[in-house]
Structures are given as C-alpha cells and as structure tokens.
There are 2 protein chains.
Amino acid sequence: MSSPPAADAGTPSFSPLYQQIRALILQRLQAGEWRPGEPIPSEIDLAARFRVSQGTVRKAIDELAADNLLVRRQGKGTFVATHAEQQVQYRFLKLVPDEGTPASEGPAERTIVDCRRVRASADVARALALRPGDPVLQVRRVLAYGGEPTILEDLWLPGGPFKGLTAERLAQWRGPMYEMFESEFGVRMVRAEEKLRAVLPDTDQASLLGVTLQTPLLSVERIAHTYHDAPMELRRGLYRTDAHHYRNDLG
Amino acid sequence: MSSPPAADAGTPSFSPLYQQIRALILQRLQAGEWRPGEPIPSEIDLAARFRVSQGTVRKAIDELAADNLLVRRQGKGTFVATHAEQQVQYRFLKLVPDEGTPASEGPAERTIVDCRRVRASADVARALALRPGDPVLQVRRVLAYGGEPTILEDLWLPGGPFKGLTAERLAQWRGPMYEMFESEFGVRMVRAEEKLRAVLPDTDQASLLGVTLQTPLLSVERIAHTYHDAPMELRRGLYRTDAHHYRNDLG
DNA sequence: TAGTGGTCTAGACCACATA
DNA sequence: ATGTGGTCTAGACCACTAC
C-alpha cells in the first residue's frame, strides 16, 4: 500500500493509468475472453484485479463505451457490444428510405448471387493487408426492399478467419451479416471507413439492379476493421438512390 | 454548507447536477457571453459560481467538448470552439482528393455565381423552420481545385440572422464560410446532417461544372444547425467524384 | 436485500503553459 | 512561481435491476 498502484501485465510504456487499463481490457476483448453480448466483470472486480481505484477503471470503460466496444447498462453491468442487439443492427448501413422509417419497409430480401474462393487481386490485398494471391472469399449479393432491388454488394473476406463460410450458410442466415461474423467466426467489426462516389453501372450491375446503364448510382466502398484496426472486410456497394438516400450526421 | 448544493438559475427539471451545469454553460454560449475562440472561465471559477465541485463542472465540460462545442487545452484553459482553427477548418466538408491530402492541392478557388434575396419556397422553409414566403438569401457558387470546377453549391440562409450579407462580402472573404458566419453574424454552426444521392446534372449545372449531362454526380443536401438544434443553413452541393471522393468514418 | 452502474464530493499530485 | 487542465484516489449516496 506504500508504493503507487501498479497495473502492469506486459504493458510497456508510460501513459495514464486508465489508458493502460483500457489497453488491458482491449487485449482481453480481442482474445475473446469475454464474448459479444456477455457481461464483463464489474468495475469493483476489475479495480481489484488491476489494483487501481474504481474511478480509474470507470474512465477506461467510459472510453471503450464511447468507441462502441462496450455497452453500459445501469443496474445490470457492462457488456461486450454486439451487432446482434436490436438497437444497433445494421449500424454500418446508412441507406434509409426517403419516406418512412427503415423499420417500416421491413427487412431486406437477400439473394446470394455468387460466392467463391479466389486469390486476392492487388487492390483487394492492399485493402485487407494481405499479399496478392492470398486466398479470399468473394461474395456478391443483392438486397431488395419491397421487391425492388436496391443494393448490389460485392465483398471480400480473408480466407483464414472465415474458413468454412459457404454460400449455403450465408443464404440460411437470418439477420445482419456482421452478427454472423461474430457468432460463427468470432470476428467482431468495430469500425469502418467508407469512400463514396457517383457512378454508372456496367451491364451486369444494371441488370441485377433492374436499372438502365444511364442510371446514376451511389458507389460505397467500405473497409471494416476488427480490434486494433485490423481490416477484415472489403465491401463495394452500389446503392440505388431513387427512393432511398445515404444519411450522414456531422457532429 | 448544510443544504445540498444548488445550481438553479431557472433550470426546471430534475436531472443530474452536471447536466444542469451543462445546460447553464450552453445558455451562456448561445447568448454569446463567451465568443468563439475565447476562453471560458476556469473550472475552479465555474465551480465557485455554480456552487458545485470542480469534478461536476469537469463532467459538464467533458460532454460539451465531446460535442465539439468547447475545446480543452492543457495548461491554457477551455475555449469556445470555432471553425476558424486551422485544425478543424472545413469540418463539414468530407470531399477529399483520391491521391494526396486535402492540403496538398491547396485552397479552393471560389466563384460566386449568384447571390440574391428571395422568398422561401415550401421546401426551403421547411428545412429552415421558416414560413413559406419568408425572406431568405440564396447563393450559388463554384469551388475549383487546381483549375478544375469540382463543387457546385446552392445555399439558403434565413434573412434575419444574416441581414447585411452581400455577394461582395462573400467574394472578399478569405477562409471558410462558416468562419465568416461566426465572426460577422454571430452564428456558429455546431452540427449538420446530410442526405446523399447519385444524380445527373441539368444543363446549367453541367456547364458550371464543365461536365456532360451523362456524368453522374454526388448530390449532398446539408442542413446545418446552430445551438439548440436551430437550423440556420440549407446547402445543396453537387460534387464531381472523378478525382475526389466523399470520405466517411463509421465508429 | 444485494449488486450493479451513476452521481457527487474533496483533496492530492502531475503536466503543461506563461510570465 | 502561478494558474490551468489532467490524473488518481477514497468514500458517500443514488437509481436501477434482479432475486
């Protein structure tokens, strides 16, 4: 009790205690010690483990909650965030109908157009931090709302973490794809960055979306990352924006 | 000292103390008591004024800083956020060049195409929380990068707060338009929401941007708000995305 | 009733900026 | 040397949830 409290468990550098605690919690999240949806130990418990005050643990958790990695629930505990929760489903999908709410038009009808194992091209490899030629899973699917094909998505997943993923399993899954990644492959996406452009479709894309070659479409290239910013998915979407729009809030 | 600390200055409801403090600070910000770029009183000072602990003031300021309304600077103080700071200039502009950094291509060349006083149409009135027919200022301008016209913007401002704004003053201003709104009209934009679509230009738009009628463009409709979510600007942008893209980070 | 996170306080010390 | 925000602690009490 005479020496200052130490929370070292392999953490190297000098930084505020609560940042070190944050890093330790992050490590355990990444290691899968606490799985999505499950509660992490209480603040008092963690404070005892790490030999720091509850206030310091609290500040570490505050940051992780602000980053959407943890969710606090008063009276219940602190939980590992998940894409499965009703509230935050489709957290990364910003396309909303011009009229009504996303819920009002019901869930999307999904069609897997293609799903196969390929070798990473140069740009896919760069996006996923792989080497060209490395095995990746390539998927093409169409999302329709009220019978109208609205989104065409091509996505690439690194072969290693997603070993065993097939068109059948994709087609059978109900609910968000990111929820399946969590529960079936232990890959939780925590952050994504998107590049948007206006483009015209090629003939394949136009026919899959049921539009002409002169229809402007919103191109959305997304790279989704898991813990520690490791890229785990490249997704290229083509959105019809005749009855929907991409909504963005600037803080 | 015997009674519980009270921070009431017209605040009505029961809510955490720090939320009440936050509301009080917000009021003073809105009233212009502390202007953009200026420091607000120190935490100790505010704690004394409001008769609460420094920790409570700190938590209130933490939230306001997270919302980009205040900026903390260690050793110096806490300052009212402003669009004038080098770091956060063009905070609401998400169009970046495909290669290089926004800075590398230098500031945009700006041309005011049109600027006049009109009566609000139905949709402009709705966006700005005015009544149809109310006076508004309508501006059209083109932004070019490296000689290439890239952005065409139409914007509408409520006539009252922006009385005295003319094409000359707009053309003469160097730096971000939102900085001018702050320093010349006392209107600080704190939040914005955008709706994005892919569209084709009409003939006027195409000629101003130097593109064909078949060139897909990114349509960005923005409503910018000042304190307390009051809408103060409607802006409709058309972005060329052949050498730029709209970058968005999803937390 | 017990356990959780949420609020509030008081005080100590540190890091940074300025004079 | 002084004043600012940043960190850390310890303890009290509140609000919510579950049993």
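Residue numbers start from 1 in every chain, and the chains themselves are labelled A, B, ... in the order their sequence lines are given, proteins ahead of strands.
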To the nearest angstrom, the CG-C1' distance between Asp62(B) and dT4(D) comes to 15 Å
| said: Taking only side-chain N and O atoms of Thr56(A), does any of them lie within less than 4.0 angstrom of OP1 or OP2 on dT9(D)? | reply: yes
When Thr78(B) and Gly55(A) are each assigned the nearest nucleotide of DNA chain D, the 5'-most assignment goes to Thr78(B)
Detail all sub-3.5 Å separations between protein N/O atoms and N/O atoms belonging to nucleotides 1-3 of chain D.
from	atom 1	to	atom 2	distance (Å)
dG3(D)	N2	Gly75(B)	O	3.0

- Using a cut-off of 4.0 Å on non-hydrogen atoms, how would the nucleic acid contact of Arg58(B) be classed: base, sugar-phosphate, or nothing? base
From OH of Tyr18(B) across to C1' of dC14(D) the rounded distance in Å is 13 Å
Fill in: Minimum side-chain heavy-atom gap Leu170(B)-Met180(B) below 4.5 Å
yes
Taking dT9(D), dA10(C), dC8(D) as options, the one with an atom nearest any side-chain atom of Ser53(B) is dA10(C)
Applying side-chain contact (heavy atoms from CB on, under 4.5 Å) to Ala84(B) and not counting sequence neighbours gives Thr82(B), Glu179(B)
From CZ of Arg73(A) across to C1' of dG3(C) the rounded distance in Å is 16 Å
| Tyr246(B) vs Tyr246(A) aromatic rings, parallel, tilted or perpendicular, using cut-offs 30° and 60°? | perpendicular
To the nearest angstrom, the CG-P distance between Asp45(B) and dT4(D) comes to 8 Å
Sorted by chain and residue number, the side-chain contact (heavy atoms from CB on, under 4.5 Å) partners of Ile44(B) (sequence neighbours excluded) come out as Ser42(B), Gln54(B)
So ring-ring contact (aromatic ring centres under 6.0 Å, His included) across residues 84-103 of chain B, not counting sequence neighbours, yields His83(B)-Phe92(B), Phe92(B)-Tyr178(B)
note: Leu17(A), atom CG; dA15(C), atom C1'; distance rounded to Å ~ 15 Å
Separation of dA12(D) atom P from Gln54(A) atom CD, nearest Å, is 13 Å
Of dC8(C), dT4(D), dT7(D), the nucleotide closest to the side chain of Pro16(A) is dT7(D)
Hits for ring pair (Phe, Tyr, Trp, His ring centres under 6.0 Å) against Tyr18(A), two or more places apart or cross-chain, chain-then-number order -> none
Separation of dC14(C) atom P from Gln19(A) atom CD, nearest Å, is 20 Å
Sorted by chain and number, sequence neighbours left out, side-chain contact (heavy atoms from CB on, under 4.5 Å) with Phe79(A) holds for Pro39(A), Arg73(A), Lys76(A)
- Report yes if at least one side-chain N or O of Lys59(B) is closer than 4.0 Å to OP1 or OP2 of dC8(C); otherwise report no. no
Rounded to whole Å, CD1 of Ile61(A) lies from P of dT4(C) at a distance of 12 Å
